[in-house]
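Written below as structure tokens is the structure these notes are about.
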Amino acid sequence: MLSAKRRWLAVLVFLAGWGVSHEAEALAASHLAPHRAIYEMSLGEARSGSSISAIDGRMVFEFTGSACDGYSLNMRMVTQMTDSQGETNLSDLRSSTWEQGNGKKFRFQSAQYVNDKLGEVTMGRAIRDAPEEDTVTVRLSQPARDELDLSGPLLFPTQHSLALIDRAVKGKTVFQAKVYDGSEKGRKVYNTTAFIGKKVSPGSDDARLEKAAKERKLSELPSWPVSIGYFDIADGDLTPSYQIDFRLYENGVSRELLIDYGEFTVQGRLSSLEYLKEKKCK
């Protein structure tokens, strides 16, 4: 059960910023709204063979920044997971990242607490010499000092988000990319495949929106159903390590989250949404 919870950190990093490196000019028009969102997390489906019987928790993240100042993301998710034997574990995942607007630099740190005891800590930074460069150098300071050279092209989380929205707006239905988000002790690069559904026009699904979504007038924006599979490059597996389904809005806000780990799924329902003050580029 704990191994599944560790993988949630990669999911968290993705959710708040999902590349500008080769496409900076093309993606300049894309806009991610600074915001703070809260999701109520619960068990969706426990399939045959799963050891999970219940999940209850909350995820909070705050996304701020701009192309000129860089993008910052602070997230925390606290969940209580109960297995089929009735054993309960409390997991507290915390993550903070900063990504330069042109995609040259990416800093990340994360910590995981299990039953109030600090466990895994990851900290490091990734640098590409120039936005058009494919190779990324990663310098880790925790859990151990190390340096990695990652072959590209690959995208950082906000780069990936901007590229995904750009393709959705243009009517593209499939988007494949390598993504590095500092997860799995800073050593993991995922192959991702995103399937983008038909555009949902503004106002067409008002009746289904949560109270928070209605109050912040999400229905006035176009959106797309999106499904992204994360594949382990090292394993070469054709089955994703996990899959995320969600409704993506043009301003970068997401709702109707569903995280599929194979043995079980986790649902995330938007319960609060606050738009934050935006700092304009000079």
Side-chain angles (χ1 to χ4, degrees), residues 1-18 36-63 72-98 107-124 140-144 157 179-188 190 192 228-230 232 240-246 254-273:
M1 182 167 67
L2 295 183
S3 62
K5 287 189 286 187
R6 291 189 186 102
R7 288 178 295 175
W8 283 23
L9 195 52
V11 175
L12 291 180
V13 173
F14 161 79
L15 287 174
W18 307 292
R36 181 184 297 112
I38 300 176
Y39 299 89
E40 305 302 324
M41 312 301 290
S42 62
L43 179 65
E45 177 185 6
R47 301 187 177 108
S48 177
S50 172
S51 62
I52 305 296
S53 63
I55 295 175
D56 181 52
R58 175 174 292 180
M59 178 175 68
V60 181
F61 72 76
E62 183 176 293
F63 179 82
S72 296
L73 168 65
N74 292 288
M75 296 183 294
R76 185 176 182 182
M77 183 164 72
V78 179
T79 54
Q80 183 171 279
M81 302 180 70
T82 305
D83 64 20
S84 56
Q85 304 301 314
E87 179 184 354
T88 297
N89 284 283
L90 183 68
S91 174
D92 184 350
L93 300 178
R94 308 174 189 183
S95 173
S96 178
T97 67
W98 177 84
R107 298 196 301 263
F108 55 92
Q109 61 182 47
S110 62
Q112 178 185 23
Y113 294 79
V114 178
N115 297 327
D116 296 322
K117 294 183 179 180
L118 179 60
E120 186 175 292
V121 176
T122 300
M123 184 180 299
L140 299 172
S141 53
Q142 290 192 55
V179 175
Y180 179 79
D181 57 19
S183 62
E184 298 288 342
K185 301 181 181 181
R187 297 179 174 276
K188 181 74 70 174
Y190 283 102
T192 68
I228 303 181
Y230 279 66
D232 191 328
S241 298
Y242 58 87
Q243 179 174 305
I244 308 174
D245 297 348
F246 57 99
S254 297
R255 51 181 288 273
E256 294 185 333
L257 308 179
L258 181 67
I259 309 168
D260 191 338
Y261 291 109
E263 292 184 354
F264 64 97
T265 65
V266 180
Q267 295 177 331
R269 182 180 182 277
L270 181 68
S271 61
S272 176
L273 176 62

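What's counted below: heavy atoms across the whole structure, side chains too, no hydrogens, waters or symmetry copies.
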What distance separates [X] [atom1] from [Y] [atom2], expressed to the nearest 0.5 Å?
X      : Y      : atom1 : atom2 : result
Glu120 : Glu184 : CD    : CD    : 7.0 Å
Ser254 : Tyr39  : OG    : OH    : 5.0 Å
Ile259 : Ile228 : CD1   : CD1   : 12.0 Å
Leu257 : Phe246 : CG    : CZ    : 8.0 Å
Ser110 : Lys185 : OG    : NZ    : 11.0 Å
Leu43  : Thr265 : CG    : OG1   : 6.0 Å

- Message: I'd like to know if Lys188 pairs up with Asp181 as an ion pair, taking the criterion as any Lys NZ or Arg NE/NH1/NH2 lying under 4.0 Å from an Asp or Glu carboxylate oxygen.
- Response: no
With sequence neighbours excluded, tell me which residues meet side-chain hydrogen bond (donor to acceptor under 3.5 Å, both in side chains) with [X].
X      : result
Gln80  : none
Asn115 : Asn89
Ser96  : Asn74
Asp260 : Arg47

pair [X]-[Y]: side-chain heavy atoms closer than 4.5 Å:
X      : Y      : result
Ser72  : Trp98  : yes
Phe264 : Ile55  : yes
Met81  : Ile52  : yes
Tyr113 : Val78  : no
Gln112 : Ser91  : yes
Leu140 : Arg187 : yes
Leu273 : Arg255 : no
Leu258 : Gln267 : yes

Closest approach of [X] to [Y] (non-hydrogen atoms, all atoms of both residues):
X      : Y      : answer
Gly229 : Pro240 : CA-CB, 4.1 Å
Asp232 : Tyr190 : N-CD2, 4.2 Å
Gly186 : Thr122 : N-CG2, 3.7 Å

- Message: Quick one about Ser51 and Ser84 (side-chain donor to acceptor, distance below 3.5 Å, no hydrogens or angles considered), yes or no?
- Response: no
- Kindly say whether Asp83 contributes a backbone atom to a donor-acceptor pair with the side chain of Ser53 at under 3.5 angstrom? yes
- Message: Assess the residue pair Leu93 and Ser95 against the criterion (side-chain contact (heavy atoms from CB on, under 4.5 Å)); give the C-alpha distance rounded to whole Å, side-chain angles, the decisive distance to 0.1 Å, and a yes or no.
- Response: CA-CA 7 Å; Leu93 300 178; Ser95 173; over 6 Å; no
- Query: What's the verdict on side-chain contact (heavy atoms from CB on, under 4.5 Å) for Met59 and Met75, showing C-alpha distance, side-chain angles and the deciding distance?
  - Reply: CA-CA 7 Å; Met59 178 175 68; Met75 296 183 294; 5.7 Å; no
- Item | By ring-ring contact (aromatic ring centres under 6.0 Å, His included) - contacts of Tyr180 (at least two apart) | Phe108
- Could you tell me which residues satisfy side-chain contact (heavy atoms from CB on, under 4.5 Å) with Glu40, sequence neighbours excluded, listed by chain and number? Ile38, Arg58, Ser271
